[in-house]
Visitor: 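Have a look at this one.
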Amino acid sequence: QVQLVESGGGLVQPGGSLRLSCAASGVIFSITPMGWYRQAPGKQRELVADITSGGSTNYADSLKGRFTISRDNAKSTLYLQMNSLKPEDTAVYYCKVMGRPYWGPGTQVTVSS
């Protein structure tokens, strides 16, 4: 069974930083492409970033330079470092196995003063 569990979300002030983690099990993590998505209130879920098994990364254009996706294969964990957070970054953030319908339950990120 594939299980993805996000953590690290919470309330942060504009300009602050958060690091999200996604612990994966039930997959051979080192060969599995992974990604982060987010869904803001009233909006469709959108891709934030993804990373291949080889470490190649892809970002939404608007987020490039503020967000960094990474992985630790030894820990079977995916990360999303989020810097210079803005109120419009407020959303539920989900990790996903790319190419498969496997999602985590999501973690809430709220950027507000």
Visitor: Identify the heavy atoms of S17 and S84 that sit nearest to each other, and give their distance.
Guide: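 Smallest heavy-atom distance, with atoms named: OG-N, 4.2 Å.
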
Visitor: State which residues pass ring pair (Phe, Tyr, Trp, His ring centres under 6.0 Å) with Y37; sequence neighbours excluded, sorted by chain then number.
Guide: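 Y37: ring pair (Phe, Tyr, Trp, His ring centres under 6.0 Å) contacts with W103.
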
Visitor: Can you tell me how far apart CG (L85) and CZ (R66) are? Round to the nearest 0.5 Å.
Guide: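 Answer rounded to 0.5 Å: 6.5 Å.
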
Visitor: How long is the gap from OG1 on T32 to NZ on K96, to the nearest 0.5 Å?
Guide: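 Separation between the atoms: 11.5 Å.
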
Visitor: Can you tell me how far OG1 of T110 sits from CG of L11, rounded to the nearest 0.5 angstrom?
Guide: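 One finds 5.0 Å between CG of L11 and OG1 of T110.
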
Visitor: Filter on salt bridge (Lys or Arg N to Asp or Glu O under 4.0 Å), then keep only pairs touching residues 17-41, sequence neighbours left out; what's left?
Guide: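 The answer is R38-E46, R38-D89.
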
Visitor: My understanding is that only residues two or more places apart in sequence, or in another chain, count here; which of them pass side chain to side chain contact (heavy atoms under 4.5 Å, CB included) with T57?
Guide: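 So T57 forms a side chain to side chain contact (heavy atoms under 4.5 Å, CB included) with I51, Y59, I69.
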
Visitor: What distance separates C95 SG from L4 CG, expressed to the nearest 0.5 Å?
Guide: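 Taking SG in C95 and CG in L4, the distance rounds to 4.5 Å.
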
Visitor: Are any non-hydrogen side-chain atoms of M34 and D50 less than 4.5 angstrom apart?
Guide: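 Not touching, per the 4.5 Å side-chain cut-off.
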
Visitor: How close do Y94 and G104 get, counting heavy atoms only, and between which atoms?
Guide: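 Reported closest heavy-atom pair: CD2-O, 3.4 Å.
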
Visitor: Which ILVMFWY residues are connected to I31, directly or by a chain of links, through side-chain heavy atoms under 4.5 Å apart?
Guide: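 ILVMFWY cluster around I31 also holds I28.
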
Visitor: Are S25 and S76 close enough that some pair of their side-chain heavy atoms sits under 4.5 Å apart?
Guide: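 When only atoms from C-beta onward are counted, S76 and S25 do not touch, as no gap falls below 4.5 Å.
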
Visitor: Are the side chain of T90 and the backbone of V111 linked by a donor-acceptor contact shorter than 3.5 Å?
Guide: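 A pair under 3.5 Å: yes.
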
Visitor: Around atom CD of E88, are there more than 12 heavy atoms from other residues, nucleotides or ligands closer than 6.0 Å?
Guide: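 Enclosed.
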
Visitor: Among all residues two or more places apart in sequence or in another chain, which pass the side chain to side chain contact (heavy atoms under 4.5 Å, CB included) test with T107?
Guide: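 For T107, the residues satisfying side chain to side chain contact (heavy atoms under 4.5 Å, CB included) (neighbours in sequence not counted) are E6, L20, Y93.
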
Visitor: Following the transitive rule for hydrophobic clusters with a side-chain heavy-atom cut-off under 4.5 Å over Ile, Leu, Val, Met, Phe, Trp and Tyr, establish whether V27 and Y79 coincide in one cluster.
Guide: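 In one cluster: no.
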
Visitor: Test of understanding: clusters of I, L, V, M, F, W, Y form through side-chain heavy atoms closer than 4.5 Å, transitively. Do L63 and V92 belong to the same one?
Guide: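 Result: no, two separate clusters.
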
Visitor: Taking atom CD of Q81 and atom CZ of F67, what is their separation to the nearest 0.5 Å?
Guide: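 Separation between the atoms: 9.5 Å.
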
Visitor: Filter on salt bridge (Lys or Arg N to Asp or Glu O under 4.0 Å), then keep only pairs touching residues 97-110, sequence neighbours left out; what's left?
Guide: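 Residue pairs with at least one partner in residues 97-110: there are none.
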
Visitor: Hydrophobic cluster membership, with links at side-chain heavy-atom distances under 4.5 Å among I/L/V/M/F/W/Y: are V5 and Y102 in one?
Guide: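 Different hydrophobic clusters.
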
Visitor: Which heavy atom of A60 sits nearest a heavy atom of L47, and at what distance?
Guide: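 In terms of heavy atoms, the two residues are closest at CB-O, 3.7 Å.
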
Visitor: Restricting to non-hydrogen atoms, name the atom on A24 and the atom on F29 that form the minimum distance, rounded to 0.1 Å.
Guide: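 That would be CB-CD1, 3.7 Å.
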
Visitor: Could you grab the distance from atom OG of S53 to atom CE of M98, nearest 0.5 Å is fine?
Guide: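 Nearest 0.5 Å value for the OG-CE distance: 12.5 Å.
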
